[in-house]
2 protein chains.
Amino acid sequence: MARIEDVAVRAGVSVGTVSNVLNRPQAVSPATRAKVQAAIAELGYVPHAAARALVAGRTSTIGLVVPEVTNPFFADLARGAEDVADEHDVTVMLYNSDKSADRELRYLGQLETQRVQGILVTPVRQVTGGMDALVARGTPVVLLDHPAGRRNICSVTVDDHTGGALAATHLIERGHRHIAFVGGPLTVVQVGARLAGAREVVEAAGGTLEVIETRGLGVAAARTAATDFARRPAATRPTAMFCANDILALGALQTATREGLRVPDDLAIVGYDDIDFAAAAAVPLTSVRQPRHQLGRVAAQLLFEEIHEPAQHGHRQVVFQPELIARESSRVPAHAG
Amino acid sequence: MARIEDVAVRAGVSVGTVSNVLNRPQAVSPATRAKVQAAIAELGYVPHAAARALVAGRTSTIGLVVPEVTNPFFADLARGAEDVADEHDVTVMLYNSDKSADRELRYLGQLETQRVQGILVTPVRQVTGGMDALVARGTPVVLLDHPAGRRNICSVTVDDHTGGALAATHLIERGHRHIAFVGGPLTVVQVGARLAGAREVVEAAGGTLEVIETRGLGVAAARTAATDFARRPAATRPTAMFCANDILALGALQTATREGLRVPDDLAIVGYDDIDFAAAAAVPLTSVRQPRHQLGRVAAQLLFEEIHEPAQHGHRQVVFQPELIARESSRVPAHAG
DNA sequence: AACGTTCGCTATAACGATTCAATAACCGAG
DNA sequence: CTCGGTTATTGAATCGTTATAGCGAACGTT
């Protein structure tokens, strides 16, 4: 493969001049510039990023580690972060930890080894020792959709507690008093917070909140939960269901419908995330919307702030507020209106 | 940040020894090994990937460029590729071209600059000049889910023509003669091939295939198409619908149901991809399943073959066969059985 | 005509690791 | 003891860039 020196020889100039053509073209006379560019084209020269990074001392990339690429929530987050990175002429390396703490740690290590400028990460569980060490060694890190317990790190989150409260308030206002929360594992911080927010509101209103913990947040989990639910005698069954995410909600909606329950007449459903599918469902789904793109943008901005002005950078915990999008799945049934 | 020399000084050994501890631990005595490891821990030393890559002449990564990370099809592809990469101690850099040829080209350039060992790519449209040049310069490339026109490159695809034929045959066997194909743009190779396969079968059986071209493959496209469809007089309406993917099919299913059509009684639906949601839908969806994980695996295997034995490597075009998964959405209606 | 000033280009020292030939240390055998 | 043969460690060359100091040549000013 052609090196910069091959280009220099071919163009009859020094390597320094070739480097200048590449990095500060205006510092080179048009004539030599043309010669060099011709040589580059003829040889198919492609600069060697590692050599560049070595002398520069850093790469022009940041890392983004998410637990689930398939999830539109994280895809939008990534999009937001990429937009900001583009403005800074930095590229984003995307890694999918797939909810495995092992993979997460491995990827973080890899990113550090590569001397990325900084890292955006949605930790699988909590902030581990490995991550702390990384921060201590000087790599700027911003937590995405995960609160920073410590104050030595920035974080950008959406207020899940309020989100849960929003959903519950909405259902209470619609006249429901017996509500089910579906989601899990409850140890997942987001799930836990949504539940807590909902519980507060329901209890304050004198209602009861029944927790149906699932193993995960996928369609399969929804199906088993909803099947069991639908087969209970109507009298003991909550009249509304708040699901920890839309996938769960859609799964529940479909399964409940198949089991003969009418939504929202027999069962009102509220989801979380407002994914595209939510609005397009057989019964359009009421959902709690998070400013996901904005979340990614702000996280990246905080990261770049820390990268460029480490001195006067104060670590901040940014909290966004979610918004309830009311649709048909929680409409007040005609007979109750 | 600590360099290898700092470690060497601290441990009282030479840099060569530190390097040995890192790369061939068995070649250094247990005593010094311990000293060095202690120094590494104390200083928080992290090797510099760029420096390594520079002397090694190559990185231990491969690139994967897909048009849509959100799509479970590509997520599974990626998983398959990653599994194989892991076996080779190579990490996968994932890039989302987001169906933009510009981004695709930019990412490919970046990967070449980084001297990755090879690249797996699902081209947005066709194989462009930029990609040819890259191959000519010597970076091994394998096309994923896209046929290689030229024979100077490997490709791994699923036979979309057969997939379309399978779907059509299934519907014909169920007694349908008037069938709609929904999907688009038709210039997308996969969409075109599925249509062609279906058309062949339908015409051979003496039926008619009506093409409803959509702007894209998302929920929104499905909704408009299905709404128009459902409002046509029943007599002029096809009795079955073959959608170019499951998202479209699910969108159509939901919209049609809302417009009062019963599935499969008034309208049979067959999708493509067999995503998780397909089986869990209100009416479980008949779909054409592709061996996606396997696709990613084999693509990566071909890539590594080319990387390790460039000499005796013959470029191959591997074609997988899809499989029809029959479910309720295309069941024969009771009155016709 | 001599003198600074630009301007365009060159030569070379980093950057941080790995590799490998050379050397030192050690050990048992003669 | 000394010698051959391992084994452990060292030191320097190397990878492909960028940055920088320096060096002529050309030019405008006095």
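Proteins get letters first, then strands, A, B, ... in listed order; numbering begins at 1 in each.
Inspection of the Thr91(B) and Gln110(A) side chains reveals an N or O donor paired with an N or O acceptor under 3.5 Å. Under the 3.5 Å distance criterion, with hydrogens and angles disregarded, no donor-acceptor pair is assigned to the side chains of Ser97(A) and Ser100(A). In the model, Ser155(B) has no side-chain atom that pairs as donor or acceptor with a side-chain atom of Thr157(B) under 3.5 Å. A donor-acceptor contact under 3.5 angstrom links the side chains of Asp145(A) and Gln190(A), judged on distance only.
The pair Arg137(A)-Asp132(A) does not meet the salt-bridge criterion, since no charged nitrogen lies less than 4.0 angstrom from a carboxylate oxygen. Taking 4.0 Å as the cut-off between side-chain N and carboxylate O, Arg297(A) and Glu87(A) count as a salt-bridged pair. Salt-bridge check for Glu305(A) with Arg316(A): passed, with a basic side-chain N closer than 4.0 Å to an acidic carboxylate O. Using a cut-off of 4.0 Å between Lys/Arg side-chain N and Asp/Glu carboxylate O, Arg79(A) and Asp98(B) are scored as salt-bridged.
For the pair Val92(B) and Ala85(B), the tightest heavy-atom approach, listed with the atom from each and the gap, is CG2-CB, 3.5 Å.
Between Thr17(B) and Val55(A), the one whose closest nucleotide on DNA chain D sits nearer the 5' end is Thr17(B).
At a threshold of 4.0 angstrom between heavy atoms, the contacts of Val46(A) are confined to the sugar-phosphate backbone, with no base atom among them.
Close placement of the His308(A) and His88(A) rings is indicated, their centers lying within 6.0 Å of each other.
Read 5' to 3', the first and last nucleotides of DNA chain C with an atom closer than 4.0 Å to a heavy atom of chain B are dG16(C) to dT19(C).
If you check residues 22-32 of chain A against DNA chain D, the residues with a heavy atom closer than 4.0 Å are Asn23(A), Arg24(A), listed by number.
One axis for each end of the helix from dA1(C)-dT30(D) to dG30(C)-dC1(D), each built from five base pairs, and the angle between them comes to 50° at 10° resolution.
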